[in-house]
Number of protein chains: 2
Amino acid sequence: MGRWPGGTQERLQEAAIELFTERGYERTTVAEIATRAGLTERTFYNHFADKREVLFPGQDAFIAGIREAVTAAPEEKSPLDAVLAAFTAGSDWFDRHREAAQRRRQLLDAHADLRERERAKVAALGEAIAGALRARGLPDPAATLTASVCAAAHQLGAARWLADPEEGTLAHHLRASFEDLRRTARTW
Amino acid sequence: MGRWPGGTQERLQEAAIELFTERGYERTTVAEIATRAGLTERTFYNHFADKREVLFPGQDAFIAGIREAVTAAPEEKSPLDAVLAAFTAGSDWFDRHREAAQRRRQLLDAHADLRERERAKVAALGEAIAGALRARGLPDPAATLTASVCAAAHQLGAARWLADPEEGTLAHHLRASFEDLRRTARTW
DNA sequence: CAGATTGATTGCAGATTCTGAAATCACCGT
DNA sequence: ACGGTGATTTCAGAATCTGCAATCAATCTG
């Protein structure tokens, strides 16, 4: 639609990652990001709620997708299996963007502000899963606790996926983490 | 310690809670909080890293206390029991401040900014527990997963404690939540 | 007791984040 | 050609947060 070159969000994200990598998160201003992308500061805020959000593109859509996948999972599946299936369903997209994910992770690790936002996203993922599990008929407190631990297992799996020198798939590491979870839970 | 009236942090916290309750979080400025406490905006920032932090007094000390208690727990205790004991150890302090905790919770529930900070604190608690469990000899990934689920159970117990019309103790609700956790985990 | 020290508070300047409202711009259908 | 549409821009401004120097009163020191 528009005479403006498309991919505005993408250009802003790329500019942001470049600048954050060059000078660090705090030392780059939103105005600088926008300028590098050939846009203005105000346009940045038309696309992202705040400065941090530029590093979490599509997270809300991802969470919504997980919610729907869990809700729509076959009834006979156990809660954990339903969530694991939802996680692995679109995981090859991440496999195709492994390198970008690694760069992003370095940035998150280096700045407390960004880690705080990430933890909020993880918590939001957990709450979304909890809602979906309740919709499947799992009552509280099981829904809340199961959802929290699934979100934790997802974090664990993603961390191992990024750290794996063999470059195994995300789906593989997610399955392994859920297996570890079951093993660990038996000791509780 | 000084000619200035003591309890500066406490006065700022009370002023903040009052104003947040009256007009909401976004609609009160740091300058207003400081003025109501008889201080200046700059002094507020001498005591709190940012505007949100005024609603999380002593959280870092609390987390440090849990870390130490878990680390120092008797070796024969299971990880879950060690964490539960750490949680319940100082929980009567909260019982004595139940009403304040409820007011605080209402504020957190009403403002996404504040919930984000809370989730970050919960995550920090989880990471502290994970470190303590590793120090006790529990290897990863069990340490990470156990710590996450303990933090989740703590949240659950605290929520029930605040919602309980019978006003049962926090320790009681924490034990109940850990019991629910074990029960739920058996179904995984 | 005068003087130095200390620690908390203050004043001020300024960069930066984020918002609201109105204006601009070019594509698109009619 | 003309108006609608959606994205971008411009502008003004409030609020957050930081750095630095100054102030102030209590306490320590000789």
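The sequence lines fix the lettering, A, B, ..., with proteins before strands; numbering per chain opens at 1.
Geometric assessment of A:K51 against the ring of A:Y45 yields a negative cation-pi assignment under the 6.0 Å and 45° thresholds. The cationic atom of A:R104 (NZ for Lys, CZ for Arg) lies less than 6.0 Å from the six-membered ring centre of A:F56 and within 45° of the ring axis.
The interatomic distance linking B:E41 (CD) with D:dC17 (P) rounds to 9 Å, in whole Å. At whole-Å resolution of the value, CZ in A:F44 and P in C:dT16 are 15 Å apart. Put simply, CG on A:L39 is 14 Å from C1' on D:dT10, counting in whole angstrom units. For A:N46 and C:dT19, the CG to C1' distance is 11 Å, given to the nearest whole Å. Atom-to-atom, CD1 of B:I33 to C1' of C:dT9 comes out at 18 Å; the value is rounded to the nearest Å. Look at CZ on A:R27: it is 14 Å from P on C:dA15, rounded to the nearest Å.
A donor-acceptor pair is defined here as one N or O able to donate and one able to accept, closer than 3.5 Å; no such pair exists between the side chain of A:R117 and the backbone of B:E116.
For A:T40, a side-chain nitrogen or oxygen approaches OP1 or OP2 of D:dT9 to under 4.0 Å. Contact annotation: A:T8 side-chain N/O to D:dT8 OP1/OP2 distance is under 4.0 Å.
Sequence order on DNA chain C of the closest nucleotides to A:V30 and A:R42 puts A:V30 first from the 5' end.
Looking only at side-chain heavy atoms (C-beta outward), B:W161 and B:D95 come within less than 4.5 Å of each other.
In this structure, A:I17 CD1 and A:T28 OG1 are separated by 11.5 Å, a value rounded to the nearest 0.5 Å.
Among the nucleotides D:dT16, C:dT17, C:dT10, the one closest to any side-chain atom of B:Y45 is D:dT16. The side chain of B:T43 has C:dT9 as its nearest neighbour among D:dC20, C:dT9, D:dT8.
Among the protein residues, A:T29 comes within range of the sugar-phosphate backbone only, with heavy atoms under 4.0 Å from sugar or phosphate atoms but none that close to a base.
At a non-hydrogen distance threshold of 4.0 Å, B:A49, B:D50, B:K51 from residues 47-57 of chain B come into contact with DNA chain D.
Inspection of the A:T144 and A:D140 side chains reveals an N or O donor paired with an N or O acceptor under 3.5 Å.
The only member of A:F87, A:W93, A:F94 that meets ring-ring contact (aromatic ring centres under 6.0 Å, His included) when paired with A:F62 is A:F94.
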